[in-house]
Protein chains: 2
Amino acid sequence: METFLKNTVPVMEFKPFRETIYEYLRQQILSGNLRAGILFSDGEIAELFKTSRTPVREAVQKLEAEGLVERLPMKGNIVKGLSPVEIAHIYSIRKALESLAIRYATLRITPEELDTMKAILDGVDTLLALEDTDNLAEKLLQPAGEFNNVLFNACRVPKLIQMVWQHRELLDRYRTMRIVISKQLGERFVTRRRVYRAFLEKDMEKAVAAWEEHLETSFRIWLESSGLDAEKARGEYL
Amino acid sequence: METFLKNTVPVMEFKPFRETIYEYLRQQILSGNLRAGILFSDGEIAELFKTSRTPVREAVQKLEAEGLVERLPMKGNIVKGLSPVEIAHIYSIRKALESLAIRYATLRITPEELDTMKAILDGVDTLLALEDTDNLAEKLLQPAGEFNNVLFNACRVPKLIQMVWQHRELLDRYRTMRIVISKQLGERFVTRRRVYRAFLEKDMEKAVAAWEEHLETSFRIWLESSGLDAEKARGEYL
DNA sequence: AAGTGGTCTAGACCACTGT
DNA sequence: CAGTGGTCTAGACCACTTC
């Protein structure tokens with residue numbers, strides 16, 4: 001019967017244009033390719049994709065809802081920038097959300113997930129032992145991301161996972177953040193090891209404490225890397 | 001000069017149809033008029049407003065982003081319901097966000113705002129003294145809302161304020177929540193008085209503690225009002 | 001006055017549903 | 001296989017900006 005093919009071949013999903021456009025713009029912004037302050041119009045993007053403006057509008061509205069783009073009346077769309085004060089606020093919100101995620105994760109993480117974490121941490125150790133300092137930062141970025149993935153997924157609260165990543169993305173796209181990350185290089189995996197150990201011991205408060213210190217350090221380094229302009233944001237982090 | 005009128009009369013803002021439609025649907029959902037599980041199609045709403053489907057689509061997409069509506073492929077739009085487990089999760093997220101807001105507010109609330117709070121609390125006291133128990137719940141709803149408004153605004157973190165209200169709305173639309181509120185009648189203003197006093201003393205931890213207890217009580221009452229079906233959500237609240 | 005942005009309309013087209 | 005939902009197109013229209 002000819003239904004065989006139809007049923008076994010993976011469904012060729014039709015991806016709406018707005019999705020493609022959304023992902024493209026989002027990727028451009030998060031990669032830092034489209035920097036904060038850059039203006040673009042719906043028509044411009046529509047032309048780029050050889051489509052009409054409706055799907056572009058919808059993609060941009062979604063980005064607006066996520067806080068990555070601002071729609072200025074009669075000006076166009078602008079890649080949204082964050083003031084130092086807003087960055088401090090986002091750090092605080094991240095602390096609140098990620099602490100909660102870690103509390104859940106302490107209770108719910110599986111032995112398999114703990115093994116994965118250990119594997120990632122050991123991998124990093126051998127990498128560090130090589131003393132091959134050529135773009136070390138780049139090389140550590142991937143295991144750090146994988147670790148975080150396991151970590152936050154372990155909380156088993158879909159809504160919370162989504163909120164956590166959304167707020168991390170708001171900050172990660174900044175050039176300054178890459179400086180912060182490279183300055184925190186070693187420390188980042190010390191923290192992750194502490195979290196891992198706390199998970200082993202099922203010690204919620206220890207895990208949270210490690211993570212909060214990590215965020216605190218990250219904020220402090222960002223503050224120091226950002227010069228006097230950012231000083232007024234110091235008191236905005238709680 | 002004829003620019004006088006043009007410059008002094010408030011600008012007659014053109015409100016996009018999608019805004020009107022969005023606000024209408026949102027209000028219908030939050031008021032409980034459109035209950036969870038109800039299906040509706042874009043075309044249906046377009047007809048209701050005598051417009052085309054495009055603005056309706058955009059309004060519905062916004063509601064989807066906020067989690068009030070789900071778009072089921074080839075079925076239509078459905079008013080999204082929350083499982084007991086999801087409700088527990090939202091309570092936890094609320095605790096994280098609202099605690100942070102209260103921490104900020106403790107530091108930043110102005111004497112004027114404290115006066116407003118006191119006025120609201122005193123108003124409630126005289127209301128309670130009357131012992132006029134006719135739909136007392138209804139009458140206390142408004143001052144409670146006003147108090148919360150002052151409270152959360154005092155944190156001065158726009159993003160946080162928006163997140164707090166968004167998550168409160170996710171729960172408030174449920175019928176069960178009204179039962180919870182009426183069962184908590186007296187206790188609600190006891191809590192608010194505690195928060196107010198903590199603000200006077202600039203005691204952050206006391207304010208947070210009061211609020212967290214309040215949320216905890218609210219969750220417990222909801223659990224008890226919701227029968228056996230909700231029991232599995234007990235361990236989901238952190 | 002010309003140009004651009006923002007919104008909406010009307011309708012085409014295809015995929016999927018259900019009888 | 002008719003019906004409905006989901007998406008996109010092409011273009012109209014008006015408000016605002018800019019020259």
Side-chain angles (χ1 to χ4, degrees), chain A residues 1-26 34 37-66 68-80, chain B residues 1-26 34 37-66 68-80:
Chain A
M1 27 151 70
E2 72 279 356
T3 55
F4 179 73
L5 269 178
K6 201 180 175 191
N7 288 336
T8 51
V9 166
V11 187
M12 175 52 171
E13 297 259 353
F14 168 70
K15 207 198 239 169
F17 291 2
R18 68 152 185 286
E19 280 295 317
T20 314
I21 297 168
Y22 165 78
E23 279 160 19
Y24 168 77
L25 288 174
R26 175 192 169 78
L34 264 179
I38 290 181
L39 273 160
F40 62 95
S41 70
D42 295 354
E44 198 179 323
I45 308 297
E47 204 170 303
L48 192 62
F49 282 87
K50 309 231 172 302
T51 142
S52 68
R53 283 175 296 162
T54 306
V56 178
R57 266 172 77 72
E58 292 178 354
V60 172
Q61 279 169 10
K62 197 165 168 189
L63 291 166
E64 185 192 24
E66 285 174 27
L68 288 173
V69 162
E70 205 168 351
R71 282 149 50 85
L72 305 178
M74 292 300 121
K75 291 279 173 194
N77 312 306
I78 191 172
V79 180
K80 199 177 170 190
Chain B
M1 27 148 73
E2 73 279 355
T3 55
F4 178 73
L5 269 176
K6 201 181 175 191
N7 288 335
T8 51
V9 166
V11 187
M12 176 52 170
E13 297 258 353
F14 168 72
K15 207 197 236 168
F17 290 4
R18 70 153 184 285
E19 280 295 316
T20 314
I21 297 168
Y22 164 77
E23 280 160 20
Y24 168 78
L25 288 174
R26 176 193 169 78
L34 264 179
I38 292 182
L39 273 160
F40 62 96
S41 70
D42 294 354
E44 196 179 324
I45 308 296
E47 204 169 303
L48 192 61
F49 281 86
K50 309 232 172 301
T51 89
S52 67
R53 283 175 296 161
T54 306
V56 178
R57 265 172 76 72
E58 293 180 353
V60 172
Q61 278 169 9
K62 198 165 167 191
L63 290 165
E64 185 192 25
E66 285 174 27
L68 288 173
V69 162
E70 206 169 350
R71 281 148 51 85
L72 306 178
M74 291 301 122
K75 291 280 174 191
N77 312 306
I78 191 171
V79 180
K80 199 177 169 191

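Chain naming here is simple, since letters A, B, ... match the order of the sequence lines and numbering starts at 1 in each.
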Q) Can you name the residues that form a salt bridge (charged side-chain N to carboxylate O under 4.0 Å, His left out) with B:E66, not counting sequence neighbours? A) B:R26

Q) Within less than 4.0 Å of OP1 or OP2 of D:dT9, is there a side-chain N or O belonging to A:T51? A) yes

**Q.** Distance, rounded to the nearest Å, where A:E58 contributes CD and D:dT7 contributes P
**A.** 8 Å

Q: Figure out the CZ/C1' separation between A:F49 and D:dT7, and round it to whole Å.
A: 17 Å

Q: Please examine the side chains of A:V69 and A:F40, heavy atoms only from C-beta on, and report whether any two atoms are closer than 4.5 Å.
A: yes

Q.
Please classify the nucleic acid contact of A:S41 as base, sugar-phosphate, or nothing, using heavy-atom distances under 4.0 Å.
A. sugar-phosphate

**Q.** Distance below 4.0 Å between A:R57 side-chain N/O and C:dT7 OP1 or OP2
**A.** yes

Q: Could you state the atom-to-atom distance from CD of A:E64 to P of C:dG6 in whole Å?
A: 11 Å

Q. Roughly how many Å is it from CG in A:N77 to C1' in C:dT7, rounded to a whole number?
A. 14 Å

Q: To the nearest Å, give me how far apart CZ (B:F17) and C1' (C:dT9) are.
A: 10 Å

Q) Bend angle of the helix from C:dA1-D:dT18 to C:dG18-D:dC1 from five-pair axes at both ends, rounded to 10°? A) 0°

Q. Just wondering, more than 12 heavy atoms not from B:E47 lying within 6.0 Å of its CD?
A. no

Q | N or O in side chain of B:R71 less than 4.0 angstrom from D:dT7 OP1/OP2 | A | yes

Q: Would you mind telling me which residue lines up with the more 5' stretch of DNA chain D, A:R53 or A:K50, judged by nearest nucleotide?
A: A:K50

Q.
I need the CD-C1' distance between B:Q61 and D:dT7, as an integer number of Å.
A. 10 Å

(Q) Taking any heavy-atom pair under 4.0 Å as a contact, classify B:L72: base, sugar-phosphate, or nothing. (A) sugar-phosphate

**Q.** Any A:R18 side-chain N or O less than 4.0 Å from OP1/OP2 of D:dT7
**A.** yes

Q) B:E44 has an atom CD; how far is it from atom C1' of D:dG3, in whole Å? A) 15 Å

**Q.** N/O (side chain, A:K75) to phosphate O (OP1/OP2, D:dT18) under 4.0 Å
**A.** yes

Q: Determine whether A:I21 and A:T51 make a side-chain contact, defined as any pair of heavy atoms from C-beta on separated by less than 4.5 Å.
A: yes

Q. Using a cut-off of 4.0 Å on non-hydrogen atoms, how would the nucleic acid contact of A:I21 be classed: base, sugar-phosphate, or nothing?
A. nothing

Q: Take atom CZ of B:F40 and atom C1' of D:dG6, then tell me their distance rounded to the nearest Å.
A: 14 Å

